[in-house]
Amino acid sequence: MNLNVEGIDNVINEIIAISNDRMKRGEILKILRRQAKPILAAIKANTPVADKPIVGRNGKIYEPENLKKSMAIKTSPLKHYPNVLVGPRKGQKAVRDGFYAFFIQEGVYGIPANDFIMDAARPLLNSTEKTMSVELEKYINKKITQSNL
């Protein structure tokens, strides 16, 4: 799945212009996580809920609210490019294991396709990008004044 947000180039250029300092990366991640919260709330509200528990092939039992609980804001593994991702967590605990979100989104194994993540996020992406850009601009200006450049 590819996501193309118009106007995000400005935000990307602002992030690239900052050096790879770990402290700056941490601050940018804080800003991005804060800005992603409305998208996470919208995705959780739009997440489909099963009628009954689902038993996986491995014997794990997935409760009806499981997919909704698995939605989270995650930090991208790329160290040279600060970014956050919003989507299902995957892991060992069945309570938060949302690996099957792909099957719902793409419509695999007879499940009708339901792109619930993009349907919920699409209306918020443009406004979030503008807010992120303003927050990053404030942060960059603050750091410039602190460093006396």
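Computed from heavy atoms alone, side chains included, the values below leave out hydrogens, waters and symmetry copies.
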>> So K74 and V84, do their side chains get closer than 4.5 Å, heavy atoms only?
In response: no
>> Quick one, N83 and L78 - any side-chain contact, counting heavy atoms below 4.5 Å?
In response: no
> Are E65 and T47 close enough that some pair of their side-chain heavy atoms sits under 4.5 Å apart?
Replying inline: no
> Sub-3.5 Å donor-acceptor pair from the side chain of Y100 to the main-chain atoms of L67, do we have one?
Replying inline: yes
> Are any of the side-chain nitrogens in D97 or K90 under 4.0 Å away from the carboxylate oxygens of its partner?
Replying inline: no
>> Within the structure provided, determine whether D51 and P64 are in side-chain contact (heavy-atom separation under 4.5 Å).
In response: no
> Are V108 and I54 connected in a single hydrophobic cluster, I mean Ile/Leu/Val/Met/Phe/Trp/Tyr linked by side-chain heavy atoms less than 4.5 Å apart?
Replying inline: yes
>> When you group the ILVMFWY residues by side-chain heavy-atom contacts below 4.5 Å and let the links chain together, are M118 and I43 in the same group?
In response: yes
>> Could you tell me if the side chain of I111 sits less than 4.5 Å from the side chain of Q105, heavy atoms only?
In response: no
>> Does any part of the side chain of K44, heavy atoms only, come nearer than 4.5 Å to the side chain of I39, both counted from C-beta?
In response: no
>> Quick check: do M71 and L40 have side-chain heavy atoms less than 4.5 Å from each other?
In response: yes
>> When you compare the side chain of P88 with that of F99, does any pair of heavy atoms fall below 4.5 Å?
In response: no
> Taking the side chain from R89 and the backbone from I73, do they hold a donor-acceptor pair closer than 3.5 Å?
Replying inline: no
